[in-house]
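Within every chain, numbering begins at 1; the chains are lettered A, B, ... in the order of the sequence lines, protein sequences first and strands thereafter.
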Amino acid sequence: MPELPEVETVRRGLAPALEGAVITDARLYRADLRFPFPPDMAARLIGQRVVSVERRAKYLLIRLGSDDILLSHLGMSGRYRIYNETPPVLETHDHVELMTDGGMTIRYNDPRRFGFMDLFSSEAMASHKLLADLGPEPLSNAFDGASLGAALDGRNTAIKVALLDQRVVAGIGNIYASEALYRAGISPNRKARTIKGLRAERLATAIRDVLNDAIAAGGSSLRDHRQTSGELGYFQHNFNVYGRGGEKCPGCDCSGAIRQVVQGGRSTFYCAKRQR
DNA sequence: CCTTCTCCCTGCAAGC
DNA sequence: TGCTTGCAGGGAGAAG
């Protein structure tokens, strides 16, 4: 499911239920997701007050009063659901459950189990293997055309493939890579190292705009994404190219059909007329 | 270091 | 209807 906008949507749903609350119970219904849960994870969560629910790239970071951080990645099909009353019986693929002193039940469900969780001390965060090499947050001041151009300098891969590299910019996945390139008018096949100057500015702006628009719509719900309330996101209706191979390009001044190609093993969608 | 490839897992849609 | 096939939004790790 989740790229940055979907994870941010989940973060915004979890924050009011968790921040300031004490975790009164934590239940693991299996020993692993993609990776084994850290030893004693449930015990280390119980009794902890949640300080904040943050996001870095596609990772949720839940800071605890013990100075530990619970990291959660949603993989491709992970969902959180919040119940503020007695929850229904467990559903298939409900793997983790947290209860709070505010009477909330938070469930993590993940059919494909590509998601994972980790728990580590805040001092270990800077050197955490999954976090240490991440590029800038695209919605932060650290990200702009100049920094994007610098990150792409010397890279021989196609720009679409480079955008999926979390070291270049954090949080973009397969959908928003295609959408951002469409908005920027840049071909996904263009060599990454040729993106600089004004072209890099255009791409950086397009990335920020598409991510902000998607967050405002509650993310994109194709198969799996749900907000923590269970509501769908709506941004998929605003895709210009993703999933629209063969359709007419929505651009007002061109009549091309949207092409679907495979790059780095993943589908890319673009208009060859608008994107150069 | 950079780049490409394979694999992890289940669900779903399309094709037969 | 039922079966098979391919594909899906991510990322680690190995190999080239």
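B:dC12 and C:dG11 have their P atoms separated by 23 Å, with the value rounded to a whole Å. C:dC7 and B:dC5 have their P atoms separated by 15 Å, with the value rounded to a whole Å. The P atoms of C:dG6 and B:dT6 are separated by 15 Å, rounded to the nearest whole Å.
Ring geometry for A:Phe239 versus A:Tyr176: interplanar angle over 60°, hence perpendicular rather than tilted (30 to 60°). The aromatic rings of A:Tyr108 and A:His95 sit tilted, their planes meeting at an angle between 30° and 60°.
Under a hydrophobic clustering in which Ile, Leu, Val, Met, Phe, Trp and Tyr are joined whenever their side-chain heavy atoms come within less than 4.5 Å, directly or via other members, A:Met104 and A:Leu18 fall into the same cluster.
Residues satisfying the side chain to side chain contact (heavy atoms under 4.5 Å, CB included) test with A:Asp153, not counting sequence neighbours, are none.
For C:dG9, the OP1/OP2 oxygens have no side-chain nitrogen or oxygen of A:Tyr176 closer than 4.0 Å.
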Report all interatomic pairs (protein N or O, nucleotide N or O of nucleotides 13-16 of chain C) with separations under 3.5 Å.
from   : atom 1 : to       : atom 2 : distance (Å)
C:dG13 : OP2    : A:Lys129 : NZ     : 3.3

Next item on the list: Convert the base pairs of DNA chain B into dot-bracket notation, remembering that pairs crossing earlier ones are written with [ ] and that bases paired across to another strand are shown as |; include only Watson-Crick or G-U pairs under 3.5 Å.
Entry: .|||||||.|||||||
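When distances are taken from the side chain of A:His73 to each of B:dC2, C:dG11, B:dT10, the shortest belongs to C:dG11.
Distance CZ (A:Arg112) to C1' (C:dA12): 15 Å, rounded to an integer number of Å.
The ring-ring contact (aromatic ring centres under 6.0 Å, His included) pairs that include a residue from residues 4-46 of chain A are A:Phe35-A:Phe116, where partners are two or more places apart or lie in different chains.
Because its NZ or CZ atom is both nearer than 6.0 Å to the ring centre of A:Phe114 and within 45° of the ring axis, A:Arg112 counts as a cation-pi partner of that residue.
Contact check of residues 114-127 of chain A against DNA chain C (heavy atom, cut-off under 4.0 Å) returns A:Phe114. Against DNA chain B, the stretch residues 148-160 of chain A makes heavy-atom approaches under 4.0 Å through A:Arg155, A:Asn156, A:Thr157.
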